[in-house]
Amino acid sequence: MAEIASEPTVSRAEFIAHVRRLLPEDALIHDEAELRAYECDGLSAFRELPWAVALPRSEEEVVALLQTCHRLRVPVVPRGAGTGLSGGALPHPQGLVLSLARLNRILALDPFARTATVQPGVRNLAISEAAAPHGLYYAPDPSSQIACTLGGNVAENSGGVHCLKYGLTVHNVLRVRGYTAAGEPVVFGSLAPDAPGYDLLALAIGSEGMLAVVTEITVKLLPRPQTARCILAAFDSVRAAGEAVAAIIAEGIIPAGLEMMDQGATIAAEDFVHAGYPLEAAAVLLCESDGTPEEVEEEIARMGAVLERCGATEWRVSRDEEERLRFWAGRKAAFPAAGRVSPDYYCMDGTIPRKALGEMLEAIAEMEREYGLRCLNVFHAGDGNLHPLILFDANQPGEWERAEAFGADILELSVRLGGTVTGEHGVGMEKINQMCVQFSPVELEAFFQVKAAFDPAGILNPGKAIPTLHRCAEYGRMRVSRGKLPFAELPRF
Amino acid sequence: MNAIVDRLREQVLAARGRRRLEIRGGGSKSWYGAPDPEAEPLDVGMLYGIIRYEPSELVLTAYGGTPLAEVEALLAQHRQWLPFSPPHFAASATIGGAVASGLSGPTRWGHGALRDYVLGVRVLDGQGRVLRFGGEVMKNVAGYDVSRLFAGSLGTLGVILEVSLKVLPLPPASCTLRFACSQDEAIERFNRWAGQPLPLSASLWWQGQATLRLAGARAAVDAAAARLGGEALPEEAAQRFWEDVREQRLSAWTLQEGEVLWRLALPPTTPAWADAEDALVEWGGGVRWLRRPAADDRWFERARAVGGHAMRWRGARAGERVFAPRGAAERAIEARLKAAFDPDGVFARRLPLE
């Protein structure tokens, strides 16, 4: 099965005339200068101007837009805050960007049932803020949580630094309500456990806006832990730090957060936020414990003993909330810190079995030499999700291409080590070629069939996430012939 | 193992357009779901063995026909567990059957459902395709989450050849408390406690008694037990009790001739119904079990009206509805998914698409 290519049956001008009848003047953007604001998401390397951007304020407007686009076969690219890192919200050049940012109301918050029902444009952090007076919060905390929306979190199955213990979006959403590409109403999941039928909710979450448009999301709220403390530990090798991570888990502890930074990332972060990180360490671990004061004290003592046994050169426990936040400030600022030491950086998102960490980091060090580019490594060590930040200068001819090839090598190695090309940022446009490495032609065919089960006309975010077999064949040829490109022989693993 | 997969593929391909096959691991849950008396068994018990398990990776991968008891015993040796406490219903239960049925036990309340722990599957679908989805890592958003689609699909999409599950360390301490109270009081307390930072694991109310299981760090369990009060059960008796609950051995689940056992999944805060005083309540109010004469069939509508869904768990007569109906658009999507993986309808109709 090939991908269904959606060809509009109308011209851009005709389409805009149609859409104008559905929306107030201020809810439609079609002027080129204003469209520029929507030409990319958080991955600015890919840009495209859409025909138009719609900013509906009501579900009725969403339905009318979907029905019209479906009838005219105009591709629809849903968009939240545009903070995605894989080009999932990259516009279609003959399509409509459907911004759900104005559907931004918290519809209900039930502290007794521990649920919140929100529109897709509600920001991630706004839910926890609204729930805070009840001692509750929404657990997934992607680093963009101040800005990113729940609709986008559902589309990407967003994680965060606490997801080893508290799960991803898919573990924290009970039900979504929305519309198919044709504008038919659908409900996936339930407020009661284990909805009957196939688990369409699991398919919808992480589907990168390709299966349905979600207009209402009900999430679980959790009791806020009474207290949290964090250990900052230093190691003189990345391998020793990796072994300490495995040892903590082997001890039967699931820390609330377990993060690693290599020396490059530590220095860049320290220089930026002055968190008090040890600069001579080859790797720094952050291990957080949360719960009741008794529980945290017990767990911190156990983790400390493990870290000591595993050869931590120093470790200290946050004495108060201020210090805990300072420990985290450096980790959370790792991306902007990379932006300070380099004109541009390219963030990768592979996940690997934790035991392969040493091998991966050694391979990355080798790639740094091969490509002549530096790479800082931050790592959600608890769940094996690696975020190498490849530093480059887009103004230097060829550097972006080298960074992109460097990134592709990391992702393909992630697959060979038994992992995946994307842990939490999504495939989008960015990693579509690497999907050819992770999945066989029949598996890609099955993905297209899943897509067609929800969207037979293929108008929702077409061309993203799942590569066509044709594309994979082209990519295979390109990778093989890469020896001709200016950046020399590539390591093969 | 490849030879076994090849033989299964031949059986599936040979059945296309001729007969329907009921995938059978240990046969422990063959009564579950809608019956399909015409289907012939497709035995997958020879898909046997644990493929990979490294405790510090928190992942276990096994062939679908591996006995559930064997998986749990291996995990217990390393002080780990399947936190969703899957029911066995017979010693022959397999890990593939557990995933295909999608059923979770009493600890679902505190630790999550089976589908929350599915990381990846390798399947043989109705077209004879061998497909791998997901993987062995905790975070993975490459492609649609098809592995979770197979959880609870009741063997209607394909044979689960292999499955990878997230596993967790066993909580170091646990404690079971008992309180005398009404059903309404129990539902109120369970929900109130769930909004507090307590190490909750399982909950049940039946015949005027609420039973609560706490599990977590020693200090947290002790502090919670001291705060909540109630009567603590001796640990051995508590373990036996929760195993009886997981295996549905209490008399609330034992059907008399001419009765139906209803499983009412409801938003957990739904107050007790006056005509359901005899219910057994699990999952903090999220599930209520009722035995009723076969003729009494208002429960689909009653559950739907409060945002839940009913099921004839046991005792459905031929032709009677087993699962709650779904909406028209959802049904159309389900039918197209079924057609994608099993276009010829080779696999038994355990989960009717209507």
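Each chain gets a letter, A, B and so on, in the order its sequence line appears, and its residues count up from 1. Since the model is a prediction, treat every value here as computed from it, not as a measurement.
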J.: A/E298 side chain to B/A219 main-chain N or O, any donor-acceptor pair under 3.5 Å?
T.: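 Between the backbone of B/A219 and the side chain of A/E298 there is a qualifying donor-acceptor contact (under 3.5 Å).
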J.: With a 4.5 angstrom heavy-atom cut-off, is it the side chain or the backbone of A/R175 that approaches chain B, or both, or neither?
T.: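 No part of it gets close to chain B.
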J.: Measuring heavy-atom distances to chain A, does B/L168 have an atom under 4.5 Å in its side chain, in its backbone, in both, or in neither?
T.: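 It is the side chain, since no backbone atom gets that close.
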J.: Given side-chain contact (heavy atoms from CB on, under 4.5 Å), test B/I333 with A/Y198 step by step and report yes or no.
T.: CA-CA 9 Å; B/I333 293 168; A/Y198 293 143; over 6 Å; no
J.: Once rounded to the nearest 0.5 Å, what's the spacing between atom NE2 of A/H171 and atom OH of B/Y117?
T.: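 Rounded to the nearest 0.5 Å, the NE2-OH separation comes to 8.0 Å.
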J.: Quick one: what part of B/L131 sits under 4.5 Å from any heavy atom of chain A, side chain, backbone, both or neither?
T.: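 Both backbone and side chain.
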J.: Identify which part of B/V306 has an atom lying under 4.5 Å from any heavy atom of chain A, answering side chain, backbone, both or neither.
T.: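 Contact with chain A: none, neither part.
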J.: In terms of heavy-atom pairs under 4.5 Å with chain A, which of B/Q196, B/R132, B/R218 leads?
T.: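 Highest number of heavy-atom pairs under 4.5 Å: B/R132.
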J.: Where do B/E330 and A/T180 land on the side-chain contact (heavy atoms from CB on, under 4.5 Å) test, with the steps shown first?
T.: CA-CA 10 Å; B/E330 293 83 351; A/T180 65; over 6 Å; no
J.: Heavy atoms only, distances under 4.5 angstrom: which of B/P172, B/A194, B/G327, B/G152 has the most pairs with chain A? Name it, please.
T.: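 The candidate making the most pairs under 4.5 Å is B/A194.
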J.: Could you check, using the six-membered ring where one of them is a Trp, whether B/F133 and A/F447 have ring centers closer than 6.0 angstrom?
T.: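 Centroid separation for B/F133 and A/F447: below 6.0 Å.
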J.: Going through the distances and angles, do B/E188 and A/F112 end up as a side-chain contact (heavy atoms from CB on, under 4.5 Å)?
T.: CA-CA 9 Å; B/E188 198 272 334; A/F112 184 46; 4.2 Å; yes
J.: Pick one of side chain, backbone, both or neither for B/F341, based on which atoms fall under 4.5 Å of a heavy atom in chain A.
T.: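 It is the side chain, since no backbone atom gets that close.
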J.: Taking it one step at a time, do B/R115 and A/V170 satisfy side-chain contact (heavy atoms from CB on, under 4.5 Å)?
T.: CA-CA 10 Å; B/R115 60 85 97 163; A/V170 71; 4.0 Å; yes
J.: Hey, which of B/L353, B/L154, B/V59, B/L157 has the most heavy atom pairs under 4.5 Å with chain A?
T.: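 Result: the option with the highest number of such pairs is B/L157.
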J.: Test salt bridge (Lys or Arg N to Asp or Glu O under 4.0 Å) on A/D194 and B/R263 and set out the steps.
T.: CA-CA 11 Å; A/D194 303 342; B/R263 177 191 193 269; 3.4 Å; yes
J.: Could you tell me which of B/T156, B/L198, B/L264 has the largest number of non-hydrogen atom pairs under 4.5 Å with chain A?
T.: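 Most pairs with chain A among the choices: B/T156.
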J.: Against chain A, work out which of B/E54, B/E334, B/R148 has the most heavy-atom pairs shorter than 4.5 Å and name it.
T.: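 Going by pairs under 4.5 Å, I would pick B/E334.
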J.: Measuring heavy-atom distances to chain A, does B/A223 have an atom under 4.5 Å in its side chain, in its backbone, in both, or in neither?
T.: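 B/A223 touches chain A through side-chain heavy atoms alone.
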J.: Taking B/M138, B/R129, B/M311, B/E136 one by one, which has the highest count of heavy-atom pairs under 4.5 Å against chain A?
T.: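 Most heavy-atom pairs within the cutoff with chain A belong to B/R129.
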J.: So, B/K139 and A/D383, do they make that salt bridge, N to O below 4.0 Å?
T.: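 Yes, B/K139 and A/D383 are salt-bridged.
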J.: Pick one of side chain, backbone, both or neither for A/I352, based on which atoms fall under 4.5 Å of a heavy atom in chain B.
T.: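 The backbone, not the side chain.
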J.: So if I take each residue of residues 105-114 of chain B and look for any heavy atom under 4.5 Å from a heavy atom in chain A, which residues do I end up with?
T.: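 Near chain A, by residue number: B/R108, B/A113.
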